[in-house]
Amino acid sequence: MTGGDIIEAVVKSLIIIVALLTAFAYMTLYERRILGRMQLRSGPNRVGPAGLLQPVADGVKLAFKQAITPRGVDKPLYLLAPAISVVTALSAFAVIPVGPTYNIFGRAIPFHLADFNVGLLFVLAMGSLGAYGIVLAGYASNNKYSLLGGLRAAAQLISYELALGLSLVGILMISGSLSLTAIVEGQARGLWYILVQPLAFVIYLISAIAETNRAPFDLVEAEQELVGGYHTEYTGLRFALFFMAEYINMVTVSALAATLFLGGWHGPFDLLSGPWWLLAKIILILTLYVVLRATLPRLRYDQLMRLGWHWLLPLALLNVVLTAIGITLLQ
Amino acid sequence: MLESYGPVLILILLSSALAALVLGLSSIMGPRGLGRGARDTYESGIIPTTSARQRFPVRFALLAMLFLVFDIEVIFFYPWAVIFRRLGLYGLIEMLLFIGLLFVGYIYAFKKGALNWE
């Protein structure tokens, strides 16, 4: 790498981090406002115009909370766990293409941090590594609720990981590449993959919600039974790191869904330029997340496991077989 | 080739720095001094009796083993899927055999009740 490349990578990395943190902050507000509306109340609207400064107020409040380290915790792991969560969440975004190549300051800048031939695998790997944060937090906290939350997270993650991974095989067959840029270009030339892989899209979306531990699959932090699960013993900014990781993972998963199934940064008409199209699609999927949370009750644990192993896994396998036969017949 | 991973490394380093910064701030900022019982493990107001590091149900272990098996199968799918168009009918038949074997294993685990949580 030349010096210019390194500067470019540093600038892009900083942009990704700042953008994701902003997205995290405003996603919390967006979610609370929509939840409020769906429950016939206004949601937070006092801090700043229309509540727009609420995330700042929350951040400041969290920063000035006392950092309590309970007795009996495994201190190195206890501190490492939130760091792992947030680092993997931020890094996963590296390979997602945000737009075409633009010319800025006389330099051709591709709008993605990295594009390598196993891009998709990288996102999935980072998502799986994120589970370490949750499991280690559960183990290190020396709290029964946390331990249960951590164990549940591990079991849930590995159950839905299979369906998630398998649901993407159909796309790989059609696009013939693991590089996300190539997948986006494949959709720009032909149909969006949601139209040829509708079953895979549904399986991906369900598994992705389960992977990010969101309602109705939020058994990891089920307030009513586990008082918060793996982050019970975390206070202030340490808790904020877990919160951050969860929301950034939601953004990444939505960006991946938009990239793989909804045509990435391409839009049907030239109304908006690339990155804005992607943002619109991400917001669409994030809205779905919130509406699902407001609509569906939490699953019971055995129902969660049955959905993953009895339904999603065989359906994803079926999707692979059908796609393979379909492609062979068409050729 | 390996150079394309450089930017990712930079992003990982920068986000690690962010995490370290936030963790560092968390111990500097905020009030000091602890009330009685502040460092106790939180169990909804009940005084904790035993350590939380206990045995957990073997079901989790069984699930982990099944996951290992199936996840490796999924990884085998990826290279096949990428070059599927070039393999043609040969690739399809080979993979149907593979999926068939995988499905027999799935049925076996299913019948044994390994996939039931009750």
Side-chain angles (χ1 to χ4, degrees), chain A residues 1 9-10 12-14 16-17 63-68 70-72 79 83 86-87 90-91 94 113-116 121 142-144 146-147 151 154-155 158-159 161-162 165-166 169 172-173 176-178 227 232-233 236-238 241 301-302 305-306 309-310 314 317 320-321 324-325 327-328, chain B residues 3-8 10-12 14-16 18-20 22-23 25-27 29-32 34 38-44 48 51-54 56 59-60 63-64 67 70-71 74-75 77-78 81-86 88-89 91-92 95-96 99 102-103 106 110 115-118:
Chain A
M1 290 169 82
V10 168
K12 279 183 187 170
S13 299
L14 288 176
I16 287 182
I17 290 176
F64 286 102
K65 287 285 176 191
Q66 185 168 11
I68 298 173
R71 225 171 273 126
L79 291 178
V86 89
V87 169
L90 285 169
S91 320
L113 180 64
D115 176 33
F116 36 85
L121 269 185
N142 191 30
N143 179 321
K144 285 145 203 148
S146 302
L147 183 73
L151 279 176
I158 63 179
S159 299
E161 176 104 355
L162 297 173
L166 271 178
V169 171
L172 301 183
M173 274 191 265
S177 173
L178 275 163
V227 301
T232 304
E233 295 293 357
L237 282 175
R238 296 174 185 164
L241 280 179
Y301 205 69
D302 58 317
M305 285 298 160
R306 194 177 311 126
W309 287 95
H310 292 196
L317 265 179
V320 172
V321 173
I325 293 175
I327 290 180
T328 313
Chain B
E3 206 168 77
S4 56
Y5 290 85
V8 178
I10 291 176
L11 178 61
I12 291 178
L14 283 176
S15 41
S16 307
L18 174 80
V22 174
L23 283 177
L25 278 181
S26 79
S27 43
M29 293 165 86
R32 301 295 166 106
L34 295 155
R39 294 188 65 219
D40 278 350
T41 300
Y42 179 74
E43 287 195 6
S44 307
S51 161
R53 308 231 165 80
Q54 294 175 354
F56 50 85
R59 284 201 196 103
F60 286 109
L63 210 62
F67 164 72
F70 281 102
D71 204 36
V74 172
I75 289 301
F77 272 113
Y78 276 53
V82 171
I83 58 165
F84 176 71
R85 281 164 187 273
R86 269 175 278 162
L89 197 61
L92 177 68
M95 211 53 194
L96 284 182
I99 292 178
L102 184 64
F103 206 68
Y106 176 79
F110 197 101
L115 305 179
N116 285 323
W117 199 257
E118 289 87 30

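Just so it is clear: chains get the letters A, B, ... in the order the sequence lines come, proteins before strands, and each one is counted from 1. Hydrogens, waters and symmetry mates are skipped; everything else that's a heavy atom, side chains included, is used. Quick caveat, the model's predicted, so the values are computed rather than measured.
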Please report the interatomic distance [atom1]([X]) to [atom2]([Y]), rounded to the nearest 0.5 Å.
{"X": "L102(B)", "Y": "L166(A)", "atom1": "CG", "atom2": "CG", "result": "8.0 Å"}
{"X": "L14(B)", "Y": "I17(A)", "atom1": "CG", "atom2": "CD1", "result": "5.0 Å"}
{"X": "L237(A)", "Y": "L23(B)", "atom1": "CG", "atom2": "CG", "result": "8.5 Å"}

Legend entry - For M173(A) against R85(B), the heavy-atom pair lying closest together: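 Heavy atoms of M173(A) and R85(B) come nearest at O-NE, 3.4 Å.
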Inset, instruction - State, to 0.1 Å, how close V8(B) and A94(A) come at their nearest heavy-atom pair, and which atoms those are. - result: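 Heavy atoms of V8(B) and A94(A) come nearest at CG2-CB, 4.1 Å.
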Using heavy-atom distances under 4.5 Å, tell me whether [X] contacts chain A through its side chain, its backbone, both, or neither.
{"X": "Y106(B)", "result": "side chain"}
{"X": "L63(B)", "result": "both"}
{"X": "F84(B)", "result": "side chain"}
{"X": "L92(B)", "result": "side chain"}

Legend entry - Partner chain A: residue of A81(B), A64(B), A19(B) with the largest heavy-atom pair count (under 4.5 Å):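 Of the options given, most contacts go to A81(B).
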Can you say whether [X] sits under 4.5 Å from chain B via the side chain, the backbone, both, or neither, judging by heavy atoms?
{"X": "L241(A)", "value": "side chain"}
{"X": "I158(A)", "value": "both"}
{"X": "L147(A)", "value": "side chain"}
{"X": "L121(A)", "value": "side chain"}

Legend entry - Results of salt bridge (charged side-chain N to carboxylate O under 4.0 Å, His left out) for K65(A) - residues two or more places apart only: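 Partners of K65(A) by the salt bridge (charged side-chain N to carboxylate O under 4.0 Å, His left out) criterion come out as none, since no residue qualifies.
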Legend entry - For chain B, the option from K12(A), R238(A), E161(A) that forms the most heavy-atom pairs under 4.5 Å: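 Max contact count across the listed options: R238(A).
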Legend entry - Test item: Y78(B) side-chain N/O and L172(A) main-chain N/O as donor-acceptor pair under 3.5 Å: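 Side chain of Y78(B) to backbone of L172(A), a donor-acceptor pair under 3.5 Å: no, none is there.
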Inset, instruction - Evaluate the ring planes of W309(A) and F70(B), with Trp represented by its six-membered ring, and classify them as parallel (under 30°), tilted (30 to 60°) or perpendicular (over 60°). - result: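 If you compare the ring of W309(A) with that of F70(B), the planes turn out perpendicular.
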